[in-house]
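See below for the structure under consideration.
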Amino acid sequence: RDVYKRQVLKLENYLGGDLCVALYLRYGQWTFPYHSEKQVHVSMLEQNGEPEFHRIRRSRGWEEGVVQWLRDNGLQAVQGRLFCLPAPDGQEPDSLQLIEWLSEHYSELKRKGFVIDQNALTRKIFIGEVSLQLQVDTRDDWFDLKARVQFGDFTFPFISLRKYILKNQREFPLPDGSIAIIPMEWMSRLAKVFHFGEEDGDLLRLRRMHYTLLDELQDFTGEELRLPEVLPDPAAAPDMPLPASFRAELREYQKTGYN
């Protein structure tokens, strides 16, 4: 008889401590590691005082479809039931990339019926949807950046990430004791913004001279930032007189910057 099937990804440490996922296939209450050659499982259960035999035959077609989806989305079979995320060319393996992969694909994994099992880990890692909502306002000589970061059900001012990003520390503790992993894209795009910005409560304030950093945020948020027309075209600035004591000749770009 048909039984309910579900695929399980168990987080496990591989050789050298790299984090991988082990694929298990669940048929009703019976679970098989993917690499097991056992195709049929027979068990006896007692039902109303009478023995009842259950015979489960694995569906290789379904299982290979699960494996193909993992491969199509970037995972690589390394040994038996284990699948890892290969490191980009020229980079060292990074276990946090696998956690980020699981969060990026969380909605689709959930929709496809995957179960993520962390019982083999010594601490709980947050795996789920991650987002950042950004708003930029202008005040006098400043840009005020208001942003909220969301890890699943937890929401914070994005200024909470500042000290972690400036220290290049991707692990961010959540109120339930789990650890969220700051996406690598956030680390690279927000580092300069946090370095030059100044905290003001839940806001981050950028001076107008750092307006080019807003380009990083515009790409980062994936939507166009609506900024007031407060920054003139530098090339259109009128010529300013140089000090009488200045004896050098400025190049064109220097004149533009001086003006």
Side-chain angles (χ1 to χ4, degrees), residues 4-27 30-41 56-132 151-152 164-165 168-172 174 178-191 219-220 222:
Y4 181 74
K5 298 190 292 288
R6 176 159 285 193
Q7 52 273 45
V8 180
L9 297 178
K10 292 187 177 183
L11 286 161
E12 297 181 3
N13 288 313
Y14 184 48
L15 298 176
D18 294 332
L19 200 60
C20 292
V21 288
L23 176 62
Y24 290 82
L25 293 312
R26 186 178 295 168
Y27 293 80
W30 296 276
T31 302
F32 300 85
Y34 168 68
H35 70 296
S36 172
E37 296 182 357
K38 186 175 184 180
Q39 298 300 306
V40 178
H41 175 77
I56 301 297
R57 178 179 293 277
R58 295 169 66 179
S59 171
R60 276 303 183 184
W62 170 68
E63 294 183 11
E64 292 305 322
V66 171
V67 170
Q68 190 60 50
W69 185 89
L70 294 176
R71 288 174 172 159
D72 289 345
N73 285 276
L75 295 190
Q76 186 177 81
V78 292
Q79 181 179 350
R81 66 185 184 278
L82 294 177
F83 292 77
C84 292
L85 189 66
D89 292 340
Q91 296 185 23
E92 293 294 324
D94 181 0
S95 293
L96 299 185
Q97 291 178 344
L98 177 62
I99 301 298
E100 189 172 342
W101 183 92
L102 289 169
S103 288
E104 287 177 354
H105 292 82
Y106 178 75
S107 294
E108 192 168 4
L109 287 167
K110 187 176 179 180
R111 181 175 62 82
K112 287 184 171 294
F114 280 89
V115 175
I116 301 173
D117 186 336
Q118 300 189 42
N119 290 333
L121 303 183
T122 57
R123 55 181 181 165
K124 183 180 179 183
I125 304 295
F126 168 80
I127 296 172
E129 296 181 356
V130 177
S131 65
L132 185 150
F151 293 99
Y164 296 91
I165 290 180
N168 199 32
Q169 182 178 337
R170 297 184 62 191
E171 298 184 4
F172 180 74
L174 297 178
S178 64
I179 303 296
I181 304 303
I182 302 173
M184 182 58 74
E185 186 180 15
W186 296 16
M187 300 292 291
S188 60
R189 292 189 179 273
L190 292 178
D219 293 341
F220 167 71

With side-chain contact (heavy atoms from CB on, under 4.5 Å) as the test, would you mind laying out the steps for Leu9 and Leu70 before giving the verdict? CA-CA 11 Å; Leu9 297 178; Leu70 294 176; 4.3 Å; yes
Quick one, Phe114 with Leu102, criterion side-chain contact (heavy atoms from CB on, under 4.5 Å). Give me CA distance, side-chain angles, the key distance, then yes/no. CA-CA 11 Å; Phe114 280 89; Leu102 289 169; over 6 Å; no
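Of the options Glu64, Glu63, Arg58, a side-chain hydrogen bond (donor to acceptor under 3.5 Å, both in side chains) to Tyr34 is made by Glu64 and by none of the others.
The aromatic rings of Trp186 and Phe151 are tilted relative to each other, their planes meeting at an angle between 30° and 60°. Ring planes of Phe172 and Tyr164: perpendicular class, angle over 60° (limits at 30 and 60°).
Counting only distance, with no hydrogens or angles, the side chain of Arg170 and the backbone of Ile181 share no donor-acceptor pair below 3.5 Å. In this structure, the side chain of Trp101 engages the main chain of Asn73 through a donor-acceptor pair within 3.5 Å. Between the side chain of Tyr106 and the main chain of Val130, no donor-acceptor pair closer than 3.5 Å is present. Arg26 places no side-chain N or O within donor-acceptor distance of the main-chain N or O of Thr31, the cut-off being under 3.5 Å. With Gln118 contributing its side chain and Ile125 its backbone, the two residues share a donor-acceptor pair below 3.5 Å.
Of the inter-residue distances, the one linking His105 atom NE2 with Ile116 atom CD1 reads 11.5 Å to the nearest 0.5 angstrom. Between the CG atom in Leu25 and the OG atom in Ser59 there is a gap of 9.0 Å [rounded to 0.5 Å]. Leu121 CG to Ile179 CD1: the interatomic distance, rounded to the nearest 0.5 Å, is 12.0 Å. To the nearest 0.5 Å, atoms CG (Asp18) and CG (Leu82) are separated by 11.0 Å. Taking CD from Glu12 and CG from Asp117, the interatomic distance works out to 8.5 Å, rounded to the nearest 0.5 Å. Glu171 contributes atom CD, which lies 4.0 Å from atom CZ of Arg123 (distance to the nearest 0.5 angstrom).
Closest of all the heavy-atom pairs between Leu85 and Gln97 is CD2-O, 3.5 Å. Across all their heavy atoms, Cys20 and Phe83 have their closest contact at CB-O, 3.3 Å. What you find for Gly74 and Pro86 is that their closest heavy atoms are O-CD, 3.3 Å. Nearest heavy atom pair, residue Leu98 against residue Leu19, reads CD2-O, 3.3 Å. Between Glu100 and Met184, the shortest heavy-atom contact is OE1-N, 3.2 Å. Of all heavy-atom pairs spanning Ile165 and Ala191, the tightest one is CG2-CA, 3.9 Å.
Shown here is Asn168, whose CG atom has no more than 12 heavy atoms of other residues, nucleotides or ligands within 6.0 Å.
Within the cation-pi definition used here (under 6.0 Å to the ring centroid, within 45° of the axis), Lys10 qualifies as a partner of Tyr24.
When side chains are defined from C-beta on, Ile127 counts as touching Leu11, because their heavy atoms get closer than 4.5 Å.
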